[in-house]
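We number each residue from 1, following the sequence as shown. Keep in mind the model is a prediction, meaning the values are calculated, not measured.
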Amino acid sequence: MVKIAIASASSQLAREVIDALVATQKHEIIALGRKDPATYPSLPGVKWVQTTYEDKAELVRLFKGVETVLSFSPVHLDVGNVAQKRLIDAAVEAGVKRFAPSEWATGVKLESSLDGIPWYTGKVEVARYLENLNKEKKVIEYTRFQVGVFTNYLGHPHKTSNHVTTVPFLIDFESQRATLVEGSHNDVIVWTTVQDIANVVARAVEYEGEWPAVGGISGSRLTIGEILRIGEAIGRPFTVNWLKLEDVEAIEWKAEWYEGIDLRSSPPEKLEQFLGVALKGILIGINRGAYAVSDEWNRLLPDYKFTQVEDFVRKVWGGK
């Protein structure tokens with residue numbers, strides 16, 4: 001049994017992870033959220049705790065006896081990464097063995113793409129903070145769970161998970177339309193289902209070896225060209241809107257476009273504005289390799305079988 005604390009436990013991916021942990025019937029879970037615990041579902045082995053994340057002493061008390069802290073904090077809402085750094089400091093003071101910062105997307109090449117994906121800046125800054133903490137001697141073990149893009153987006157608008165809300169992506173199987181950068185056929189994207197992410201995390205908390213600092217989870221590693229060919233193979237060929245890279249890179253980001261954005265609760269007009277430019281920013285990241293994440297956890301868990309993109313889209317959209 002592992003005692004686990006989860007920050008921003010009501011977030012959609014966190015809920016998928018909690019379900020996977022509960023299914024093992026092994027762990028004691030402290031689920032942290034900002035709302036009254038009575039508003040959250042009753043789950044075996046899960047204790048919901050209300051917190052503002054502002055009181056370090058409270059967090060230290062909550063983390064006593066905890067072995068692993070998993071963070072799902074929305075980094076773009078955490079100005080200066082204050083809340084997540086406080087989580088880390090409290091974990092260290094409480095003697096927590098392992099910490100997973102709020103990554104759950106891009107890989108190590110994110111830093112070179114922050115002009116296109118500025119709302120992820122906090123991921124880089126928190127990674128540096130953890131690295132510096134362990135510079136002289138290791139004070140806490142950590143892994144950056146990096147997963148690429150949720151494969152489930154390729155099933156939009158179909159419901160393919162219990163909790164994660166999907167949005168139309170750059171490659172949209174429903175409309176059979178795609179928006180891509182000219183010459184990007186060989187650009188790589190890693191696609192991982194939220195179910196595979198949750199299952200790997202459930203295994204990682206029990207892993208007896210040392211966590212890798214960079215913890216890539218790679219469901220399917222495909223080029224843009226391979227994704228387009230899958231569409232053709234299942235009878236859903238794409239009409240592609242090819243953009244010039246220089247035009248995409250010319251976007252001048254405004255902080256108000258992404259500050260305060262919550263996919264679950266933001267007004268439709270603000271969400272539409274964000275998605276309109278965010279998808280182009282993601283194209284920059286794809287072009288620079290930010291979504292070609294590594295596969296450390298695949299290698300540490302060689303017996304785990306990941307859902308492949310072609311199998312997923314055939315199941316959702318059918319074939320010829």
Side-chain angles (χ1 to χ4, degrees), residues 2-9 11 13-14 16-18 20-21 27-32 51 53 56 59-60 62-76 78 80-111 114 120-148 190 192 196-218 290 293-301:
V2 177
K3 189 173 182 180
I4 303 159
I6 300 179
S8 295
S11 66
L13 184 60
E16 300 284 349
V17 170
I18 289 172
L21 292 169
H27 308 302
E28 179 183 347
I29 301 165
I30 299 172
L32 305 180
T51 182
Y53 302 100
K56 180 184 172 185
L59 293 170
V60 171
L62 290 171
F63 290 165
K64 287 294 184 182
V66 167
E67 179 175 307
T68 301
V69 175
L70 306 174
S71 176
F72 294 86
S73 302
V75 294
H76 67 291
D78 184 11
N81 311 298
V82 172
Q84 199 163 193
K85 288 178 180 178
R86 189 178 292 119
L87 284 171
I88 294 168
D89 293 344
V92 171
E93 187 171 329
V96 170
K97 178 182 178 182
R98 290 168 162 170
F99 185 89
S102 187
E103 290 265 344
W104 316 111
T106 45
V108 295
K109 292 185 179 180
L110 168 62
E111 190 166 1
L114 290 178
Y120 279 173
T121 300
K123 297 182 188 295
V124 174
E125 294 173 348
V126 169
R128 286 180 185 154
Y129 188 74
L130 283 163
E131 187 177 350
N132 288 334
L133 269 182
N134 288 326
K135 197 168 187 178
E136 299 298 327
K137 66 172 185 176
K138 180 167 290 186
V139 297
I140 192 165
E141 191 174 307
Y142 69 93
T143 195
R144 300 165 63 190
F145 286 112
Q146 299 174 339
V147 302
V190 164
T192 311
D196 284 341
I197 295 166
N199 288 334
V200 168
V201 173
R203 286 161 174 76
V205 299
E206 298 180 25
Y207 182 68
E208 294 182 356
E210 184 174 341
W211 274 8
V214 175
I217 301 174
S218 178
V293 305
S294 49
D295 65 348
E296 286 80 5
W297 282 108
N298 299 58
R299 288 183 273 123
L300 291 173
L301 304 171

How many angstroms lie between atom CD of E93 and atom CZ of R86, to the nearest 0.5 angstrom? 12.5 Å

Nearest heavy-atom approach of S8 to A14 is O-CB, 3.6 Å

Taking all non-hydrogen atoms of both residues, which atom of L62 and which atom of I30 are closest, and how far apart? O-CD1, 3.5 Å

Restricting to non-hydrogen atoms, name the atom on L130 and the atom on P101 that form the minimum distance, rounded to 0.1 Å. CD1-CG, 3.7 Å

Closest heavy-atom pair, V75 versus Y120, reported as atoms and distance to 0.1 Å, is CG2-CA, 4.3 Å

For K109, look at atom NZ and say whether over 12 heavy atoms of other residues, nucleotides or ligands are found less than 6.0 Å away. no

Test V201 against every option in V17, I4, L13 by the side-chain contact (heavy atoms from CB on, under 4.5 Å) rule and name the one that passes. V17

Spacing of L21 atom CG and E28 atom CD [to the nearest 0.5 Å]: 12.5 Å

Check for a donor-acceptor pair, side chain of Y53 on one end and backbone N or O of L32 on the other, with a separation under 3.5 Å. yes

Ignoring hydrogens and angles, tell me if any N or O in the side chain of S218 forms a donor-acceptor pair with the backbone of S294 under 3.5 Å. no

Is the shortest heavy-atom distance from the side chain of L59 to the side chain of L87 under 4.5 Å? yes

Rounded distance (nearest 0.5 Å) linking atom OH of Y142 with atom CG of N134: 6.0 Å

Distance, nearest 0.5 Å, that separates OG1 of T192 from CD of Q146: 11.0 Å

Check: N81 side chain, V126 main-chain N or O, donor-acceptor pair, under 3.5 Å: no

Counting N and O atoms only, with roles assigned by atom type, does the side chain of S102 sit under 3.5 Å from a partner on the main chain of S73, one being a donor and the other an acceptor? yes

Between V293 and G107, which heavy-atom pair has the shortest distance, and what is it? CG1-N, 3.4 Å

Test salt bridge (Lys or Arg N to Asp or Glu O under 4.0 Å), reference R144, set E131, E296, E103, output is E103

Taking atom types as modelled, is there a side-chain donor on D78 or Q84 under 3.5 Å from an acceptor on the other? no

Closest non-hydrogen atoms of R98 and V205, given as atom of the first, atom of the second and distance, are NH1-O, 3.6 Å

Apply side chain to side chain contact (heavy atoms under 4.5 Å, CB included) to residues E206 and H27 and explain how you reach the verdict. CA-CA 10 Å; E206 298 180 25; H27 308 302; 3.2 Å; yes

CD1 on I29 to OG1 on T68, rounded to 0.5 Å: 11.0 Å

Close side-chain approach of Y129 to D89, heavy-atom, < 4.5 Å: yes

Any idea how F145 and W211 line up, ring-wise: parallel (<30°), tilted (30 to 60°), or perpendicular (>60°)? perpendicular

Please report the interatomic distance CD1(I217) to CH2(W104), rounded to the nearest 0.5 Å. 6.5 Å

Report yes or no: does R128 contribute a side-chain atom to a donor-acceptor pair with the main-chain N or O of V124 at less than 3.5 Å? no

